[in-house]
Colleague: 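A single structure is presented below for examination.
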Amino acid sequence: MTHTTGSTGSADTTTALKGTDAPQALATGEFPIPPNGKLSTREKKWIVYDVGNSAFVLLSTAVIPIYAKSLMPADGNIVSAWGYAQTIASLVIALLMPLLGSIADVQGMKIKFFLGFFGTGVVMCCAMALPLTWLPFLIVYVLATIGLNGSLTFYDSMLIDTTTNGRMDKVSSHGYGWGYVGSTVPFIVCIALIFGGPALFGWSTVACTRASFVITAVWWVAFTIPLITSYRQVHYRATRDHAREAIRGTFRELGSTFGKIVRNKPLWMFMVAFFFYIDAVNTVISMSTSYGTQLGIDSTQLVVALLVTQFVAFPCAILYGRLAGRFGCKPMITVAVAAYMGIVFFATFFLKSALEFWILAILVGMFQGGIQALSRSYYGKIIPKDHANEYYGFYDIFGKTASILGTFLVATTTSLTGNASLGVLSIAILLVAALVFLFLQKDPTKTV
């Protein structure tokens, strides 16, 4: 059931609004902004959560694997351990999100679930600062990652309540872009503390690293406040008065939604393509530092190179949003998938030293933000708005299950062969499959 709300506009305003922009404008009392117009206050407050949570993502990519490696025995394999940790976190999210997402489509529930996962992520991020051996540390990290990824599912679905179809590419791209550059601020502080803290404060490097977890959590909280104090759920499928009945019907709703997805050929073909290509993206992001560490690349070089990735990703993500407005969202996603094919081959056959890792970091930065941002906005355009959380729950099944497959594949191949490069190479098969489905899929946005 789609909600109704009182209109703050006149009858003339109502008739002037068209298509998917009308429900949001009438619900929020705001006139639609032209696709190329400046970001609104509402859009900016949504974007800043990307700035907050990206600080933990960057720390997870650059610092936490190195710290986890230092906790392991000398003969421990961080690539395998890290791969399995990422796999477990992704599996939990993939199993939970469709169910919780369906419940969150009830009026007022989306923000509650968001706060629950966000709070879990922040608390566990702080808990990583406790003195822990490597296995308990990885368990706490898995819980923090579950909190992060769970909050992102609901955050992504908030996009449809924040802006209109015509502006989704722009707003989503700005989210990833500012998230990349904004996350470097606490990251630089943390790195300065880790490398300079022992001399300035007399702390050990381990103590400084633990303090960086708390700094990141504080930053995450600070940049979440604007979102949680301003967000309003515009699209929902039931009112609060009918929440109990809606929750009871969750499993029925899930079955119905799955049936609708199966009958919607352009939608399920994109979801299958997304399943394959996001595997490569998430695996490259989550495994890059552990892979570089295993190759013996100096940790300082790894950290600085990944910092460069953030600065490269900022303008490239925003540029991708503009190019999508000119050439279309799907064509730009396809270009990024092809680029990741080249990145995987480069990492497999040429990554041997710090110089190659720097090149890899720059290449990833050029396409990482664009493909993530456009996938999020493209999906938001082709799904029913009043069941957004439920559909984004299935989106997470495909995205997180792909992460399970990718990290598990890399970890298992590395364990069996003792060669991490072979694990990276296996991702190319998934990218080829993604390109096939993208070429076969008919773009529904072109018919609107």
Side-chain angles (χ1 to χ4, degrees), residues 2-50 105 107 110-111 114 153-179 226-227 230-237 266-267 270 317-333 370 372-392 395 443-448:
T2 305
H3 77 294
T4 56
T5 56
S7 171
T8 56
S10 64
D12 292 338
T13 302
T14 303
T15 58
L17 301 175
K18 298 180 180 180
T20 56
D21 292 353
Q24 170 148 350
L26 296 177
T28 62
E30 297 180 355
F31 294 104
I33 305 171
N36 294 324
K38 293 183 178 180
L39 294 171
S40 68
T41 300
R42 182 185 302 275
E43 291 168 342
K44 290 176 181 177
K45 289 183 177 181
W46 179 85
I47 285 170
V48 295
Y49 183 68
D50 262 323
D105 280 323
Q107 182 186 9
K110 187 184 297 189
I111 190 67
F114 171 82
T153 298
F154 299 107
Y155 168 67
D156 288 347
S157 69
M158 289 176 181
L159 179 61
I160 66 162
D161 298 317
T162 303
T163 191
T164 58
N165 268 15
R167 292 177 57 82
M168 279 189 189
D169 293 339
K170 176 176 180 161
V171 175
S172 183
S173 297
H174 271 269
Y176 273 103
W178 285 107
L227 175 63
S230 64
Y231 172 72
R232 281 191 291 168
Q233 186 172 351
V234 176
H235 300 284
Y236 48 83
R237 63 180 173 86
L267 178 58
F270 170 72
I318 294 176
L319 176 62
Y320 244 73
R322 293 181 179 177
L323 291 174
R326 181 176 179 181
F327 299 106
C329 197
K330 180 188 167 184
M332 294 308 301
I333 291 175
Q372 290 174 320
L374 295 188
S375 297
R376 177 168 65 184
S377 59
Y378 183 71
Y379 189 75
K381 293 176 184 179
I382 62 178
I383 61 172
K385 301 297 185 290
D386 54 343
H387 287 257
N389 271 297
E390 197 171 333
Y391 275 80
Y392 270 103
Y395 180 81
D443 189 355
T445 64
K446 294 297 184 181
T447 62
V448 178

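Being a predicted model, the structure only gives us computed values, none of them experimental.
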Colleague: If we only count heavy atoms from C-beta on, is the Ile333 to Phe270 side-chain gap below 4.5 Å?
Modeller: yes
Colleague: Compare every heavy atom of Ser173 with every heavy atom of Ala317, then report the nearest pair and how far apart it is.
Modeller: O-CB, 3.2 Å
Colleague: Are any of the side-chain heavy atoms of His174 and Asp50 separated by less than 4.5 Å?
Modeller: no
Colleague: What do the steps show when you test Lys170 against Glu43 for salt bridge (charged side-chain N to carboxylate O under 4.0 Å, His left out), and what is the final call?
Modeller: CA-CA 10 Å; Lys170 176 176 180 161; Glu43 291 168 342; over 6 Å; no
Colleague: Given Ile47, which of Val171, Thr162, Leu159 fulfils the side chain to side chain contact (heavy atoms under 4.5 Å, CB included) condition?
Modeller: Val171
Colleague: Would you name the heavy atoms of Met168 and Gly380 that are closest together and state the gap between them?
Modeller: SD-C, 3.9 Å
Colleague: Are Phe114 and Tyr49, when compared by the centres of their aromatic rings, separated by less than 6.0 Å?
Modeller: yes
Colleague: Against Asp169, only a single residue in Lys381, Arg322, Arg376 fulfils salt bridge (Lys or Arg N to Asp or Glu O under 4.0 Å); can you say which?
Modeller: Lys381
Colleague: Contact between Tyr379 and Leu267 at the side-chain level, heavy atoms closer than 4.5 Å - yes or no?
Modeller: yes
Colleague: Restricting to non-hydrogen atoms, name the atom on Ile382 and the atom on Pro444 that form the minimum distance, rounded to 0.1 Å.
Modeller: CG2-CG, 3.4 Å
Colleague: Restricting to ring pair (Phe, Tyr, Trp, His ring centres under 6.0 Å), what partner residues turn up for Tyr176, sequence neighbours left out?
Modeller: none
Colleague: Do Arg42 and Asp161 come close enough that some side-chain heavy atom pair is under 4.5 Å?
Modeller: no
Colleague: Classify the angle between the aromatic ring planes of Tyr155 and Trp46 as parallel (below 30°), tilted (30 to 60°) or perpendicular (above 60°).
Modeller: parallel
Colleague: Cys329 and Tyr378: which non-hydrogen atoms are nearest, and at how many Å?
Modeller: SG-CB, 3.5 Å
